[in-house]
Amino acid sequence: MIDFDSVLDSIGDFGKYQILIMIPIIYYQVPGGLNSIAPVFLSYKPDFRCLVYPFDNTTIFPNLTDAEIVNITTPTDGQGNPANSCVRYSYSTATCTEKMDLSCVNISSPTNPCNTYRFNDSLFSETTVTEFELVCNRKILDGISTSAYLVGVLVSSVSIGYFLDRFGRRKPTILFSYGMLLSMLLTAYSPSLAVFIVGRFLVAFFTFGSHMGVFCHVIEIVGTRWRMLVGVLYHSAYCVGYMLWSPIAYLYRDWHRMQLACLIVSAPFVLMMMIVPESPRWLFAKGHLKKGEKIVSMMARMNNRPVPKIPADEENYYSGSVEEDDKIVKYSTLDLFRYPGLRISTLKIGFFSMVNNTVYYGIAYNMGNLSGNIFLNNIYGGLLEIAGNVICLGIVQFTGRPKLMSGAIGGAGLLLLGTGALSQLAGSNEVLSVIIVVFMVLARGLISGSTAVYCCYVVEFYPTFIRGNGIGFTSTMARVGSITSPFLISIGKQNLLWVPDTVLGISCLIASVVAMTLPDTTNVPMMDTIQEAESFIGNHRSGRQRQGQYTAID
C-alpha cells in the first residue's frame, strides 16, 4: 500500500495546495459553531409572569406598571419579584373590568397556575421559549428541543463513519452540507414546536456529518508537524462561528430572523466544497491508485515540487506492515474492539470524549444564565477559547498530546469545583458573581484547548482503514455526554446551583487521570493499518514508543 506520508515529503506537506484546500474546510466550522451554540440565543428564556386580563390591557389600565401588576396578581418574594412566576392569585377580575378600577384585587386568595404568560421582551422580541411558552409545566420541552440537536449529532456519529470509510471524505461531506442548509431553512420557518425539534435534529445530523468529513480530510493532507496547527485553526473557526451569534442576535432580536442570518452565513461553505478534491490518502488506502496519482500530481504542481513517480511495484512507498486483504476488507465499528490494544485505548478515548463534551456544552449553554451582558459574555468566551487553543498549540510539542489534554481538562475541573462552591454562596453578591463569570470563562478556555487537542489526537490515533469508524465512535460517546448537558444545567435552576458544576468538575478530574494513560501521537506518522496501530499501542505499553516509528511487537 502507498505510504502517503512519504509521498507528502516529496510533494510538500504544507504548501499552496493545502492552504487553498484549508480555506473552505476550515470555514466550515463557522456554521458548525453557529448551529451548536444556537440554543443560547434562539431559546433564551427571559423573565416572565402570568398574563392577567384586564390588568395587562393598556386600554383599560393604561397607567399600571409591570411591577404594580406583579404586586396585585402574583405572590412576591418581598422585594417586588415573583416568588413563583407560574402561578397567580385566583380571584375573579370581572369587577375590575366592569368598574375599571382595582376593587377586585384580593391577594389573600389561593393561587392557580397561569393560563398564559407575559414575557419580558426588552432583550429579544421573540425566542422559541416565548413563542411556544416553554416555561413552567412545559419547560421540559425546552430541554428536549435543546437535546434534539445533540441527539441528531449522536445519530450522525453512529452512521457517518461508515460513509466516510466506504465512500470517501468528499462526497458524504457535500451531500450532508446540502442537508444542513435545507434543515436550517426548515428550522427558521418552523410553525410549531414539533417542527422546530425535528428541524434541529436534522440540522445536527447533517452539520456534524459534514464536520467529521472535512476535519478528517484536512488532517490527512498535511504533514505530521502541521497537524496540530491545522486542528487548532479548525477549532478556532468554530469559536468564530459562535462569536458571530453576538452581532447576529444583537441586530435581529427575533429567533426566526436569527436563524435565517445563520443560514446565509453558512451557505458559501457548500459552494466552496464543490471544488475540493477527494483525500488522496483515502484513495491510496482503498486502492484507487490512478485517482490518487492524479491528485498527487496536482498537489505537486501547486506546491512547485516535481511530480513523483510512484513505482508500479510500490517498492519505495510500501508500508511493510500491510496485510494483503486490507485492500478489500470492509471495516466497521466492531473492529475497534476486535483487537486488544485498540479496544482498551478506544474505551479510554471514548470516556475522555464523553466528559470533555459534557463539560464543553454544559459551560456553553450556561453562559446565557450568567450575570452580565449576554452578547459580551459570548464574545469573551469565544476569545478565551481561541486563546486557549493558541496556548495549547504553543506548548503541545513540549508536553505531548495526552499530558496537555490531561492538564487542560484537569484545570477546567478545578475551576468548575470552585464555581460550584461559589454559586451556592453568591446570592446577590456582585463580587462573587463576577468571580463566577471569570471562573466559567477561564474553564471554557481550558476545555476548548482540550477539545482542540483531543480532536486532532483522535484523527492521528486511528489508522486510515478505520479512521472514520474511530472518529464516529468517539463522537458517539461525546454525544452521550453532551445530551445530558441541558438537563444537568436545569438541575442548577432548581435552587441546586452547586450540583452541575460540582458533577462536571469531578468528571474532569477523572478524565484527566485517564488521559495520562493514552499513547502519545506527537510527531508520529499517521498510521494506515490496524497492525500498525496495535504495534504502536503495544510499544507504548512496553515503554518502547519512539517518535516517528512503529517498532514491531516481539
Side-chain angles (χ1 to χ4, degrees), residues 3-6 8-9 13-14 212 215-235 281 285 319 321 336 339 341-353 356 389 392-409 449-475 477-478 511-512 514-553:
D3 181 355
F4 190 69
D5 284 304
S6 297
L8 277 178
D9 288 339
D13 59 356
F14 195 74
M212 292 174 66
F215 186 61
C216 191
H217 189 157
V218 74
I219 293 294
E220 287 182 341
I221 63 172
V222 299
T224 303
R225 56 181 175 161
W226 300 105
R227 293 192 308 241
M228 195 63 219
L229 171 63
V230 170
V232 167
L233 288 174
Y234 186 76
H235 190 68
R281 186 186 293 271
S319 175
S321 60
L336 301 174
Y339 306 88
L342 274 174
R343 179 169 55 247
I344 298 300
S345 296
T346 293
L347 290 174
K348 291 178 181 178
I349 296 171
F351 175 77
F352 184 91
S353 178
N356 192 91
N389 294 344
C392 286
L393 177 63
I395 64 177
V396 69
Q397 292 299 120
F398 303 100
T399 63
R401 308 318 194 220
K403 289 182 180 179
L404 187 53
M405 289 158 57
S406 174
I409 201 170
S450 168
T451 301
V453 176
Y454 107 80
C455 285
C456 184
Y457 178 85
V458 170
V459 177
E460 293 176 333
F461 177 79
Y462 288 105
T464 303
F465 283 116
I466 57 170
R467 184 165 294 128
N469 284 293
I471 296 173
F473 173 78
T474 304
S475 300
M477 293 299 295
S512 175
V514 170
M516 289 295 293
T517 66
L518 291 170
D520 190 5
T521 59
T522 305
N523 294 330
V524 173
M526 295 188 79
M527 295 168 281
D528 290 314
T529 68
I530 291 177
Q531 185 178 348
E532 285 180 341
E534 283 292 292
S535 296
F536 172 66
I537 297 167
N539 291 333
H540 163 74
R541 290 178 176 175
S542 61
R544 292 179 299 173
Q545 180 180 334
R546 289 180 286 173
Q547 291 182 342
Q549 298 183 17
Y550 315 122
T551 307
I553 301 176

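Keep in mind the model is a prediction, meaning the values are calculated, not measured.
Taking OG1 of Thr529 as the reference point, atom CD1 of Ile466 lies at 9.5 Å (rounded to 0.5 Å). If you take CD1 on Ile471 and CZ on Phe461, they are separated by 12.5 Å, rounding to the nearest 0.5 Å. Asn356 CG to Cys455 SG: the interatomic distance, rounded to the nearest 0.5 Å, is 7.5 Å. Separating the CE atom in Met527 from the CD atom in Glu534 is a distance of 10.0 Å, to the nearest 0.5 Å. Of the inter-residue distances, the one linking Asp13 atom CG with Asp9 atom CG reads 6.5 Å to the nearest 0.5 angstrom. If you take CG on Asn389 and CG on Leu229, they are separated by 11.5 Å, rounding to the nearest 0.5 Å.
For Ser512, the side-chain hydrogen bond (donor to acceptor under 3.5 Å, both in side chains) criterion is met by Ser406, not counting sequence neighbours. For Lys348, the side-chain contact (heavy atoms from CB on, under 4.5 Å) partners are Ile344, Val514, Thr517, Leu518, not counting sequence neighbours. Contacts of Tyr454 classified as side-chain hydrogen bond (donor to acceptor under 3.5 Å, both in side chains), with partners at least two apart in sequence or in another chain: Ser353, Asn357. Partners of His217 by side-chain hydrogen bond (donor to acceptor under 3.5 Å, both in side chains), not counting sequence neighbours: none found. Taking Tyr234 as the reference, His211, Phe215 meet the ring-ring contact (aromatic ring centres under 6.0 Å, His included) condition, with sequence neighbours excluded. Here Val230 pairs with Phe14, Met22, Val218, Ile219, Val222 under the side-chain contact (heavy atoms from CB on, under 4.5 Å) rule; sequence neighbours left out. Shown here are the salt bridge (Lys or Arg N to Asp or Glu O under 4.0 Å) partners of Arg343, two or more places apart in sequence or in another chain: there are none. Shown here are the ring-ring contact (aromatic ring centres under 6.0 Å, His included) partners of Tyr462, two or more places apart in sequence or in another chain: there are none. Every residue two or more places apart in sequence or in another chain was checked for a side-chain hydrogen bond (donor to acceptor under 3.5 Å, both in side chains) with Ser475, and none qualifies.
Between Leu336 and Thr346, the closest heavy-atom pair is O-OG1, 3.9 Å. Between Phe352 and Ala511, the shortest heavy-atom distance links the atoms CD1-O, 3.6 Å. What you find for Ser345 and Pro519 is that their closest heavy atoms are OG-CD, 4.3 Å.
A donor-acceptor pair is defined here as one N or O able to donate and one able to accept, closer than 3.5 Å; such a pair exists between the side chain of Asn539 and the backbone of Ser535. Here the side chain of Thr521 pairs no donor or acceptor atom with the backbone of Val524 at under 3.5 angstrom.
No side-chain heavy atom of Val232 sits less than 4.5 Å from a side-chain heavy atom of Val396. Side-chain contact check for Ile349 versus Met477: every heavy-atom pair is 4.5 Å or farther apart. Between Val458 and Phe473, every side-chain heavy-atom pair lies at or beyond the 4.5 Å cut-off.
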Task: Chi angles and distances behind the side-chain contact (heavy atoms from CB on, under 4.5 Å) call for Tyr339, Ile537 - done: CA-CA 11 Å; Tyr339 306 88; Ile537 297 167; over 6 Å; no
Q. Trp226 and Ile221: side-chain contact (heavy atoms from CB on, under 4.5 Å), yes or no, with the steps?
A. CA-CA 10 Å; Trp226 300 105; Ile221 63 172; over 6 Å; no
Margin query: Walk me through whether Met228 and Val453 qualify under side-chain contact (heavy atoms from CB on, under 4.5 Å).
Written below: CA-CA 7 Å; Met228 195 63 219; Val453 176; 3.5 Å; yes
Exercise for review: Given side-chain contact (heavy atoms from CB on, under 4.5 Å), test Asp520 with Lys403 step by step and report yes or no.
Suggested key: CA-CA 9 Å; Asp520 190 5; Lys403 289 182 180 179; over 6 Å; no
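Applying the salt bridge (Lys or Arg N to Asp or Glu O under 4.0 Å) test to residues at least two apart or on different chains, the pairs with a partner in residues 456-470 are Glu220-Arg467, Arg227-Glu460, Arg401-Glu460.
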